[in-house]
> 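Provided herewith is a single structure, encoded as structure tokens, for subsequent inquiry.
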Amino acid sequence: MDDRTYTADAEPGDHVTVAGWAHEIRDLGGIAFLIVRDKTGKIQVKFAKDEMDEDLVETGTNVSRESVVQVTGAVEEEPRAPTGVEVVPESVEVVAPADPELPLDPSGKVDAELPTRLDNRTLDLRRDEPKAIFEIRATVLEAVRDYFRSQNATEINTPKIVATGTEGGTELFPITYFGEEAFMNQSPQLFKQLMVGSGLERVFEIGPIFRAEEHNTPRHLNEATSIDFESAFTDHQGAMDVCEGALKAAYAAVAEECADELETLGLADEFEVPEEDFPRLSYEEAIERVNATGELDEQLVFGDDLSTEAEKALGADVGGHYFITDWPSEVKPFYIKDHDDDESLSTGFDMMHPDMELVSGGQREHRYDELVAGFEQQGLDPEAFEYYTKMFRYGMPPHAGFGLGGERLVMTMLGLDNIREAVLFPRDRQRLSP
RNA sequence: GCCCGGGUGGUGUAGUGGCCCAUCAUACAACCCUGUCACGGUUGUGACGCGGGUUCAAAUCCCGCCUCGGGCGCCA
């Protein structure tokens with residue numbers, strides 16, 4: 001089967017073997033057409049009943065839809081065929097038959113709802129639109145990886161099974177580890193920080209994170225892909241620069257390499273690579289701007305977190321990606337450093353898409369005494385994190401970084417209405433299988 | 001965690017007390033059709049999430065369960 005020809009590569013005059021799925025069979029009486037679909041597209045196979053071997057015609061026109069078929073024959077130019085060429089078959093083999101009743105219709109004549117599609121993801125991904133999303137997702141991940149490498153960062157992989165949580169706050173999935181209590185990690189935060197104090201200095205990781213929150217929204221997952229970056233000898237401004245660069249690199253790569261996929265998703269005309277610098281609004285400016293929109297019933301005051309409603313009002317007002325900086329210290333976790341000249345303000349930042357939060361980052365607290373004090377202030381036991389705090393006693397440089405939600409990046413980039421569209425097999429409150 | 005809203009053939013739907021042994025599309029089966037490209041035509045197959053209740057009468061109203069989606073909180 002290695003010598004098969006992709007349907008997109010079949011040229012008139014070629015003698016080929018194409019293999020793929022029976023997309024559709026149209027029997028017009030004396031003539032019938034079998035449409036074979038593969039990764040690259042579709043090609044029509046013609047059966048002229050009077051002129052061809054009866055068994056051949058029988059096999060070719062009685063295949064059930066979505067069966068795997070292999071067709072060998074001559075490729076002919078044919079203006080009446082959908083792609084301008086068609087295969088005149090010499091042999092047709094049903095490699096793997098499909099049951100006639102399909103749980104969803106890959107030809108797209110009848111829509112299926114998301115849960116049905118996720119239950120039958122394999123069949124769903126025979127359709128062009130979901131397939132395009134994952135081709136684009138792969139391009140996004142490749143682009144950010146290349147970008148981080150160009151920024152002299154080293155790719156790392158940190159443990160997903162851990163003894164203690166990262167920030168204490170969010171719910172963790174407990175597991176049993178050889179009889180001991182353990183958890184699925186909610187973030188590589190602490191480990192990537194340990195690495196900036198190592199000889200690697202500047203690192204990134206693209207990997208899964210696990211959060212046991214029982215939220216049920218179109219923008220949350222219980223297993224998500226986190227795109228993390230952390231660097232020694234930089235501050236929150238430097239981290240924001242890299243964050244912005246990574247996001248722009250992802251958009252640029254998709255614009256450059258995924259024209260067909262964008263076309264499939266109906267985004268060819270509207271897709272834009274952000275060119276301008278992302279505005280960096282301080283938290284204080286942000287709440288003032290939200291209040292000025294008049295969209296909210298109650299005015300925000302300093303110290304309030306931004307509600308979903310507030311985020312949307314601000315996003316609509318700004319109209320593109322932007323940062324919110326200088327958050328009040330108390331709303332950010334202990335490992336975020338406060339400003340030296342104003343301890344009530346942190347160096348934490350969020351990067352926002354007009355529709356939702358994409359990134360959270362900041363300069364980290366690298367001073368041992370302050371870090372341990374931070375643990376205590378948040379009611380956490382520094383002893384439990386000794387593996388982490390200890391390393392701050394042996395020369396931990398100033399550093400900063402961020403975490404970017406991979407699925408949210410793809411979701412906002414493509415205007416998907418549900419984050420589950422951006423994961424092959426999403427894990428959410430209701431879904432553990434497939 | 002709190003609060004809403006749903007579950008009707010394989011898939012997607014219509015149907016708010018009798019007009020429903022349930023509509024339409026697609027699928028599937030059979031037949032007809034020599035250029036389809038959502039092929040077309042004829043005939044047929046196939047469903048009210050589960051349990052209880054109200055009523056002369058329940059897909060439709062009520063209760064419980066199961067299950068799914070969404071909003072908020074929180075976050076990436």
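In this text the structure is predicted, and so the values were computed from the model without any measurement. We name chains A, B, ... by the order of the sequence lines, and we start the count at 1 in each one. Worth knowing before you read on, the calculation uses all heavy atoms, side chains too, and leaves out hydrogens, waters and symmetry mates.
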> With rounding to the closest Å, how many angstrom separate the C1' atoms on C24(B) and U8(B)?
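Going atom to atom, C1' in each nucleotide, I get 13 Å.
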> How do Asp428(A) and Ile419(A) order along RNA chain B: which one's closest nucleotide is nearer the 5' end?
Asp428(A)
> Please give the nucleotide sitting opposite G69(B) as a Watson-Crick or G-U wobble pair, both distances under 3.5 Å, or none.
C4(B)
> With both distances under 3.5 angstrom, what nucleotide forms a Watson-Crick or G-U wobble pair with C28(B)?
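Checking every strand shown, C28(B) finds its partner in G44(B), with both distances under 3.5 Å.
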> Reckon Asp27(A) touches a base, only the sugar-phosphate, or nothing at all at heavy-atom distances under 4.0 Å?
base
> At under 4.0 Å between heavy atoms, what does Glu309(A) touch on the DNA or RNA strands: base, sugar-phosphate, or nothing?
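Nothing, no heavy atom under 4.0 Å.
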> Atom CZ of Arg429(A) to atom P of C66(B): distance rounded to whole Å?
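Between P of C66(B) and CZ of Arg429(A): 12 Å.
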> Establish, from distance only, whether the side-chain atoms of Glu407(A) and Thr225(A) form a donor-acceptor pair under 3.5 Å.
yes
> What's Glu113(A) touching, base or sugar-phosphate or nothing? Going by heavy atoms closer than 4.0 Å.
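Here Glu113(A) touches the backbone only, sparing every base.
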> Using a 6.0 Å distance limit plus a 45 degree cone around the ring axis, check whether Lys248(A) lies over the aromatic ring of Tyr147(A).
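No - Lys248(A) does not lie over the ring of Tyr147(A) by the 6.0 Å and 45° rule.
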> Determine the contact category for Glu66(A): base if any of its heavy atoms lies under 4.0 Å from a base atom, sugar-phosphate if only primed atoms, P, OP1 or OP2 are that close, otherwise nothing.
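If one applies the 4.0 Å heavy-atom cut-off, Glu66(A) turns out to touch nothing in the nucleic acid.
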> For A76(B), take OP1 and OP2 only and decide whether either is under 4.0 Å from a side-chain N or O of Thr225(A).
no
> Could you tell me whether the side chains of Ser346(A) and Ser329(A) share a donor-acceptor contact shorter than 3.5 Å?
no
> Hey, are Thr158(A) and Glu205(A) close enough side-chain-wise for a donor-acceptor pair under 3.5 Å?
yes
> Any base atoms under 4.0 Å from Pro82(A), or only sugar-phosphate, or nothing? Heavy atoms, all strands.
base
> Please check the phosphate of C72(B) (OP1 and OP2 only) for any side-chain N or O of Arg219(A) closer than 4.0 Å.
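Yes, such a contact exists.
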> Heavy atoms only, 4.0 Å cut-off, all strands: where does Glu311(A) land among base, sugar-phosphate and nothing?
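Base, at least one base heavy atom under 4.0 Å.
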> Please give the distance between the P atoms of A25(B) and A14(B) as a whole number of Å.
15 Å
> Quick one: is G10(B) close enough that its OP1 or OP2 comes under 4.0 Å of any side-chain N or O from Asn120(A)?
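Result: no.
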> Less than 3.5 Å apart, any donor N or O on the side chain of Tyr335(A) or Gln193(A) sitting next to an acceptor on the other?
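No, because no side-chain N or O of Tyr335(A) sits under 3.5 Å from a partner of the opposite role on Gln193(A).
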> Compare side-chain N and O positions of Lys109(A) against OP1 and OP2 of C39(B) and report whether any pair is under 4.0 Å apart.
yes
> Ser307(A) near the nucleic acid: base, sugar-phosphate alone, or nothing, with a heavy-atom cut-off under 4.0 Å?
sugar-phosphate
> Classify the nucleic acid contact of Leu114(A) as base, sugar-phosphate or nothing, counting any heavy atom under 4.0 Å across all strands shown.
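Nothing: the residue Leu114(A), judged by heavy atoms under 4.0 Å, touches no strand.
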> Applying a 4.0 Å non-hydrogen cut-off, can you work out what Asp119(A) is touching in the nucleic acid: base, sugar-phosphate, or nothing?
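Nothing, no nucleic acid heavy atom in range.
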> Round to a whole Å and report the spacing from CZ of Phe173(A) to C1' of C75(B).
14 Å
> May I ask you to evaluate whether Thr217(A) reaches the phosphate of C72(B), defined as a side-chain N or O under 4.0 Å from OP1 or OP2?
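Negative; the distance criterion is not met.
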> Is the shortest side-chain N to carboxylate O distance from Glu230(A) to Arg364(A) below 4.0 Å?
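Salt bridge present between Glu230(A) and Arg364(A).
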> Could you tell me whether the phosphate oxygens of G70(B), OP1 or OP2, come under 4.0 Å of any side-chain nitrogen or oxygen in Arg420(A)?
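Checking Arg420(A) against G70(B): at least one side-chain N or O falls below 4.0 Å of OP1 or OP2.
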> Please tell me which of Lys46(A) and Glu214(A) maps to the more 5' nucleotide of RNA chain B, matching each residue to the nucleotide holding its nearest heavy atom.
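The 5'-side residue here is Glu214(A).
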> Touch check for Ala224(A), heavy atoms < 4.0 angstrom, all strands: base, sugar-phosphate only, or nothing?
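Base contact - Ala224(A) has a heavy atom under 4.0 Å of at least one base atom.
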> For the C1' atoms, the ones on C61(B) and on C72(B), what distance do you get once it is rounded to whole angstrom?
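So the two C1' atoms sit 31 Å from each other.
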> Tell me the partner of A38(B), counting only Watson-Crick (N1-N3 plus N6-O4 or O6-N4) or G-U wobble (N1-O2 and O6-N3) with both under 3.5 Å; none if nothing fits.
none
> Does Ala48(A) reach a base, just sugar-phosphate, or nothing at all? Heavy atoms under 4.0 Å.
nothing
> Is Ser226(A) touching bases, backbone alone, or none of the nucleic acid, heavy atoms closer than 4.0 Å?
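Contact class for Ser226(A): none.
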> Applying a 4.0 Å non-hydrogen cut-off, can you work out what Leu358(A) is touching in the nucleic acid: base, sugar-phosphate, or nothing?
sugar-phosphate
> Does Asp350(A) reach a base, just sugar-phosphate, or nothing at all? Heavy atoms under 4.0 Å.
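The answer is nothing, as Asp350(A) stays clear of every strand by at least 4.0 Å.
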> Rounding to the closest angstrom, what is the interatomic distance between A27(B) and A38(B) at atom P?
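Their P atoms lie roughly 13 Å apart.
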> Can we call the ring centroids of Phe173(A) and Phe210(A) under 6.0 Å apart?
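Between Phe173(A) and Phe210(A), the centre distance exceeds or equals 6.0 Å.
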